[in-house]
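I have placed the structure first, in the form of structure tokens, so that the comments after it can refer back to it.
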Amino acid sequence: MKVFNTITRKKEELIPLVPGEIKMYSCGPTVYNYFHIGNARPFIIFDILRRYLEYRGYKVTFVQNFTDVDDKIIKKAKEEKVSEKEVAEKFIKEYFKDAEALGIRKADYHPRVTENIPEIINLIKRIEENGLTYTINGNVYYDTTKFSDYGKLSKQNLEELEAGARVDVGDEKKNPMDFVLWKNQKPGEPAWDSPWGLGRPGWHIECSAMSMKYLGETMDIHSGGQDLIFPHHENEIAQSEGATGKPFAKYWMHNGFINVDNEKMSKSLGNFFTVREVSEVYDLEIVRLFMISSHYRSPINFSNELLDSIKSSLERLYIAKNNLKYLLSKAEEKERLENEVDIEESLLKHKDRFIEAMEDDLNTADAVSAIFDLVRDINANINDNTSKTTIQYAFDLYMELAGVLGLLSKEEKNLDEEIEALIEERQKARKEKNWALADEIRDNLNGKGIILEDTPSGVKWRRA
RNA sequence: GGCGACAUAGCCAAGCGGUAAGGCAGAGGACUGCAAAUCCUUUACCCCCGGUUCAAAUCCGGGUGUCGCCUCCA
């Protein structure tokens, strides 16, 4: 598989540190609110990367953190008059709710800052021992001038960064680019004991400490949104490599943004939609398909019109799935037709194209198109006359590929008796060529969100 | 100022040197009692101007436009 590596700005062959194993870390949410559609993109994309690597036989260890202590959480806790822990607990729970509805699997580890304070302190100590820090008033700062590789990820040098940076007035840092590893305690804030006094970790250090805990000092893939390249990931490199002297991550992957009216969706601009809000109007699987219908590094625009069109696309996929299930339920074991081997071979070609697309830097857009081609092939060639074996083959193949993308896992709920009776009644009317009554029943059911389809082998239904 | 991304049909979106995937929407046809679903057909001077090449949406140079990072941010 080829992967675009931010640090080299090139697509590279993905070669794991340990053959057959992939260790990956993705920056997770700060839990002070529901997450928005923009936040959802990396969660979905890297969930798919993980699924795909597993599909290809890798043993994947996937870590995604929760930042559960930070300024925004403290602020929220004050506003709500509850503890920081309560705020964090609540939104971790809400994260999992939304993530599940988006088809995002849980990571192997979801470490939290507050549960890794000793690890964080130890890492800061190591950096300190290497002479890369200075401490003022209980604040431990990273001295970026001492790390010669600083800027290697974002391809910036210190002078240029400083030229564009706003320097805070009265800042005690030696250099504007320096960043805090350990913050001293301010009144009323949560704090832990440390060699530098009571305080709490800076933002960047947590990811270094927690990723090393679960993945070792060098991992295969570190991922996140493009806005994390600088300063967050740059600082992670400075801390981690400053402590260990080893490369922190072999591959850096960054997703592009979700825009609204061509502008980045962000909290500060106020143009964001939370996943929770969107879920009230659209099934979140639509959002998932929306995300993977374009390449993960491209910016995409978010709008209701787009979701509406994706909704129709997803319907097409589900109809195809349910058609196969319907055929399967009706099919009997019988002699396979001569051309069925050809059909299976033809279907298999779409799998090749699917894999080829995914191998090329996770080209999910192309992979999705391979699935649509498979669907057309199935719709055109699998029917009442097909043997059960071949129908099953098509179904399994289709579900296999959809599963890699985390799609089509929902099952239709059964109809209640009342509706089944109505369908029976309509069938009777049709036999008697009482079209007026038959159509009335169909319209009636339509109003209840049940769409009927008359097929040669019987009546099929689906929910709108 | 530094670093970077993008510009393909009405909309969304692949494409990575060999003559334009796929989805949505639209049109026509087949199927159907009528529908629905499905299938078939149909819709592109690939932002502009130069250059390289037998061959460019694709490579190079120059424009134009849009966006992002450099500050919490996915």
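All values below were derived from every heavy atom in this structure, side-chain atoms included, with hydrogens, water molecules and symmetry-related copies excluded. Just so we're on the same page: letters track the sequence lines, and every chain starts at 1.
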### Query
When you compare B:A20 with B:A44, how far apart are their C1' atoms, in angstrom units rounded to a whole number?
8 Å
### Message
Looking at A:Lys183 and A:Glu189, is any side-chain nitrogen of the basic one under 4.0 Å from a carboxylate oxygen of the acidic one?
### Response
no
### Message
Which nucleotide, if any, forms a Watson-Crick or G-U wobble pair with B:U71, using both distances under 3.5 Å?
### Response
none
### Summary
Across every strand shown, the nucleotide meeting Watson-Crick or G-U wobble geometry with B:U32 (both distances under 3.5 Å) is none
### Message
Tell me which nucleotide, if any, is Watson-Crick or G-U wobble paired with B:U52 when both distances must be under 3.5 Å.
### Response
none
### Query
Can A:Asp377 and A:Ser346 be counted as having a side-chain donor-acceptor contact under 3.5 angstrom?
yes
### Task
Report yes if a side-chain nitrogen or oxygen of A:Arg316 is closer than 4.0 Å to either non-bridging phosphate oxygen (OP1 or OP2) of B:U38; otherwise report no.
yes
### Heavy-atom donor-acceptor pair, A:Arg442 side-chain to B:A35 base, under 3.5 Å
yes
#### Entry: B:C16 - base-pair partner by Watson-Crick or wobble geometry, distances under 3.5 Å
none
#### Entry: Residues touching RNA chain B, which here means a heavy atom under 4.0 Å, drawn from residues 256-266 of chain A
A:Gly256, A:Phe257, A:Ile258, A:Asn262, A:Lys264, A:Met265, A:Ser266
### Task
Could you work out the separation of B:C24 and B:A5 based on their P atoms and round it to a whole Å?
33 Å
#### Entry: Pairwise C1' distance, B:G4 and B:G10 [rounded to whole Å]
31 Å
### Message
From NE2 of A:His295 over to P of B:C16, roughly how many Å is that when rounded to an integer?
### Response
13 Å
### Query
Is a side-chain N or O of A:Tyr251 found less than 3.5 angstrom from the main chain of A:Glu13, in a donor-acceptor match?
yes
### Same-atom distance (P) from B:G62 to B:G2, integer angstrom
14 Å
### Query
Do A:Lys186 and A:Asp71 meet the salt-bridge criterion of a basic N to acidic O distance under 4.0 Å?
no
### Message
Nearest heavy atom decides the nucleotide; on that basis, is A:Asn363 or A:Gly28 closer to the 5' end of RNA chain B?
### Response
A:Asn363
### Task
Provide, to the nearest angstrom, the distance between the CG atom belonging to A:Asp308 and the P atom belonging to B:G10.
21 Å
### Message
Applying side-chain contact (heavy atoms from CB on, under 4.5 Å), can you list everything that pairs with A:Pro299, at least two apart in sequence or on another chain?
### Response
A:Asn259
### Pair A:Tyr142 + A:His204: ring centers closer than 6.0 Å
no
### Query
Mapping A:Asp360 and A:Asn255 to their closest nucleotides on RNA chain B, which lands nearer the 5' end?
A:Asp360
### Summary
On a heavy-atom basis, the closest approach of A:Ala107 and A:Gln64 is CB-N, 3.9 Å
### Query
Hey, can you pull the residues of residues 419-435 of chain A with a non-hydrogen atom under 4.0 angstrom from RNA chain B?
A:Arg426, A:Arg430, A:Trp435
### Task
Please state the P separation for the pair B:G65 and B:G23 - nearest whole angstrom.
36 Å
### Message
Checking base pairs now: Watson-Crick or wobble, both atom distances under 3.5 Å. What partners B:C6?
### Response
B:G65
#### Entry: Out of B:G33, B:C72, B:A74, whichever nucleotide has its closest atom nearest the side chain of A:Asn39
B:A74
### Query
Is there a side-chain contact between A:Trp435 and A:Lys433, using heavy atoms and a 4.5 Å cut-off?
yes
### Task
Please state whether the base of B:G33 and the side chain of A:Asp439 form at least one donor-acceptor pair under 3.5 Å?
yes
### Listed partners of A:Ser26 passing side-chain hydrogen bond (donor to acceptor under 3.5 Å, both in side chains), at least two apart
A:Ser223
### Integer angstrom distance from the C1' of B:U43 to that of B:A27
9 Å
Using the 3.5 Å cut-off, write out each protein N or O paired with an N or O of nucleotides 2-6 of chain B and the distance between them.
unit_1	atom_1	unit_2	atom_2	d
B:G2	O2'	A:Glu160	OE1	2.8
B:G2	O2'	A:Glu160	OE2	3.4
B:G2	N2	A:Gln156	NE2	2.6
B:C3	O2'	A:Ser154	O	3.3

### Quiz item: cation-pi between A:Lys76 and A:Tyr32, 6.0 Å / 45°
no
### Task
Give the rounded distance in Å between these two atoms: CZ of A:Phe66 and P of B:A74.
13 Å
#### Entry: P atoms of B:A57 and B:A7, separation to the nearest Å
15 Å
### C1' spacing across the pair B:U58 / B:C16, given as an integer number of angstrom
6 Å
#### Entry: Gap between atoms CG and P, on A:Asn446 and B:A37 respectively (whole Å)
10 Å
### Message
Under a 4.0 Å threshold between the charged nitrogen and the carboxylate oxygen, would A:Lys90 count as salt-bridged to A:Glu80?
### Response
no
### Query
What does B:A27 pair with, Watson-Crick or G-U, if both distances are under 3.5 Å?
B:U41
### Task
Could you state the atom-to-atom distance from NZ of A:Lys267 to C1' of B:U71 in whole Å?
17 Å
## Note on the structure
Minimal heavy-atom distance between A:His233 and A:Cys27, with the atoms involved, is NE2-SG, 3.3 Å
### Query
Does any N or O in the side chain of A:Asp178 come within less than 3.5 Å of the main-chain N or O of A:Thr144, such that one atom is a donor and the other an acceptor?
yes
### Query
Looking for any heavy atom pair under 4.0 Å, which part of the strands does A:Asp71 touch: base, sugar-phosphate only, or nothing?
nothing
### Atom-to-atom span, NZ of A:Lys460 to P of B:U38 - whole angstrom
9 Å
### Query
Using a cut-off of 4.0 Å on non-hydrogen atoms, how would the nucleic acid contact of A:Gly224 be classed: base, sugar-phosphate, or nothing?
sugar-phosphate
### Task
Please identify each residue that fulfils side-chain hydrogen bond (donor to acceptor under 3.5 Å, both in side chains) with A:Glu432, with sequence neighbours left out.
none
